[in-house]
Amino acid sequence: MAVTLCGGSAGLWAYRDGWQRLPCPLPHPALLARSGAGLLVLDDRAQLLWDGRQLIPVPRGVEALLSWRGDALLLSGETDGVMRLSLTTGQPLLVAPAGVYPQDACLMPGDVLAVCGGCDGTVRLLNPFSLRPLRTLTLPGITERIAWSGDALHVLCAVGDTAVRCQYWRIARAGAPQCVALLPGLPGAVCGDTRGGAWVAATETLCRFPAGALRPDCAIGGTGLVRHMVCSGGRLMTCDPVLGCCTLFGPGGYPAATWHGDVGQGLL
């Protein structure tokens, strides 16, 4: 399994059956995106983006970083907007509203940008070139995490007033939103499982939902609050910045801690 980790103050690291430090000029790398054969790395504290060649100033409060056709897409929870940034000139090309403290975004096939609008409870589908809205869906609670897998969006919402819980929604490309599960605790992360299903993380809970299923076929407890996940070749790596660890899960769901320390916010 090949994974790249933003280790915060520890720098940038790659995992290839063992950890190896990568060169990076940023003092506190925190977010990652794959750009062609290279990487985009963002340091939110320094407000800089590194594309392997140059350092580019970026806005504060970036929650999600994506690469699209040679540009960078930046979702800022502080400015409530999404920006398309040219990696050629280092200049912002477009900025559009994206909700109220939006927190996550992903790209869908067919050149569609999907954004969790945050406190306004929306999932917004945008054209990544023009950033014009294509469709807006409203879900209960605060939309926090989103991923594309198996011809559907997978969305995590925080619901409840006194006891916050994680609500997991599945949205087919042309269908209505479907509530799949209600999990205890805060939303953590969601990612595809390479077979059309999804891994879903909430407080102290990690579950795998097969494609189309309403119940998980794997549930693991005691996992902290996972913020990023990568699934490849039947193995899953999770990143928990609160506990300060990365954990690798094999096909049988057996964990092996692979990193302890500052893990920033980025894993891919």
Side-chain angles (χ1 to χ4, degrees), residues 2-15 19-36 38-68 71-85 87 90 92 95 98-99 101-107 113 115-116 118 144-147 156 186-191 201 223-231 237-248 257-268:
V3 174
T4 305
L5 165 73
C6 276
S9 57
L12 189 66
W13 294 76
Y15 179 83
W19 292 101
Q20 181 178 22
R21 187 163 186 168
L22 301 177
C24 179
L26 297 172
H28 199 276
L31 287 172
L32 288 169
R34 206 170 299 284
S35 179
L39 292 173
L40 300 180
V41 189
L42 188 141
D43 184 334
D44 194 49
R45 294 186 185 180
Q47 293 180 246
L48 291 172
L49 174 70
W50 182 54
D51 66 356
R53 301 173 295 110
Q54 59 184 331
L55 293 172
I56 303 172
V58 296
R60 298 179 64 88
V62 175
E63 298 287 340
L65 170 67
L66 299 168
S67 172
W68 182 79
D71 294 334
L73 299 172
L74 309 173
L75 182 69
S76 171
E78 189 162 318
T79 65
D80 292 339
V82 59
M83 171 190 290
R84 185 162 68 91
L85 177 74
L87 296 177
V95 179
Y101 195 67
Q103 298 183 45
D104 201 8
C106 71
L107 287 165
L113 173 66
V115 175
C116 279
E144 294 195 5
R145 307 287 179 254
I146 195 166
L156 304 187
L186 298 169
V190 60
C191 78
T223 53
L225 184 58
V226 171
R227 180 59 184 90
H228 291 274
M229 298 188 287
V230 175
C231 184
M237 184 172 283
T238 64
C239 171
D240 183 344
V242 176
L243 294 181
C245 68
C246 283
T247 304
L248 181 65
T258 59
W259 178 279
H260 288 285
D262 189 351
V263 295
Q265 292 285 330
L267 183 72
L268 63 75

**Asked** In Å and rounded to the nearest 0.5 Å, what is the CG to OG1 distance from Leu225 to Thr238?
**Response** 11.0 Å
**Item:** Heavy-atom side-chain proximity of Leu12 to Leu26 below 4.5 angstrom
**Value:** no
**Fill in**
Of all heavy-atom pairs linking Tyr15 and Met237, the shortest is CD2-CE, 3.8 Å
**Contacts of type side-chain hydrogen bond (donor to acceptor under 3.5 Å, both in side chains), residue Thr4, not counting sequence neighbours** = none
**Prompt:** Any side-chain heavy atom of Leu40 sitting closer than 4.5 Å to one from Leu87?
**Reply:** yes
**Request:** Work out which heavy atom in Trp19 is nearest to a heavy atom in Cys246; give both atom names and the distance.
**Result:** CZ2-CB, 4.4 Å
**side-chain hydrogen bond (donor to acceptor under 3.5 Å, both in side chains) against Trp68, all qualifying residues, sequence neighbours excluded** = Asp111
**Request:** Go through the structure and list residues passing side-chain hydrogen bond (donor to acceptor under 3.5 Å, both in side chains) with Arg21, not counting sequence neighbours.
**Result:** none
**Request:** Provide the closest heavy-atom pair for Ala98 versus Val115 in the form atom of the first, atom of the second, distance.
**Result:** O-CG1, 3.9 Å
**Message:** Give me the atom names and distance for the closest heavy-atom approach of Pro92 to Leu85.
**Reply:** N-CD1, 3.5 Å
**Asked** Within a strict 4.5 Å, meaning less than it, do heavy atoms of the Val82 and Pro102 side chains meet?
**Response** no
**Prompt:** Does Thr223 reach the side chain of Thr247, with side-chain heavy atoms less than 4.5 Å apart?
**Reply:** no
**Request:** Would you check if Cys239 and Arg227 make a side-chain contact, meaning some heavy-atom pair closer than 4.5 Å?
**Result:** no
**Asked** Taking only residues two or more places apart in sequence or in another chain, which ones pass side-chain hydrogen bond (donor to acceptor under 3.5 Å, both in side chains) with Thr79?
**Response** Ser76
**Prompt:** Side-chain contact, heavy-atom cut-off 4.5 Å: Leu156 with Asp104?
**Reply:** no
**Request:** Say whether, by atom type as modelled, one donor and one acceptor occur between the side chain of Asp43 and the main chain of His28 under 3.5 angstrom.
**Result:** yes
**Item:** Closest approach of Asp44 to Gly61 (non-hydrogen atoms, all atoms of both residues)
**Value:** OD1-N, 3.2 Å
**Asked** Residues two or more places apart in sequence or in another chain: which of them pass salt bridge (charged side-chain N to carboxylate O under 4.0 Å, His left out) with Asp51?
**Response** Arg53
**Fill in**
Residue pairs meeting salt bridge (charged side-chain N to carboxylate O under 4.0 Å, His left out), one or both in residues 54-67, sequence neighbours left out, come to Arg60-Glu78
**Fill in**
Val62 and Ala64 have their tightest heavy-atom pair at CG1-O, 3.5 Å
**Asked** Pick from Leu73, Val58, Leu74: which one makes a side-chain contact (heavy atoms from CB on, under 4.5 Å) with Met83?
**Response** Leu74
**Request:** Check step by step if side-chain contact (heavy atoms from CB on, under 4.5 Å) holds for Leu42 and Leu48.
**Result:** CA-CA 6 Å; Leu42 188 141; Leu48 291 172; over 6 Å; no
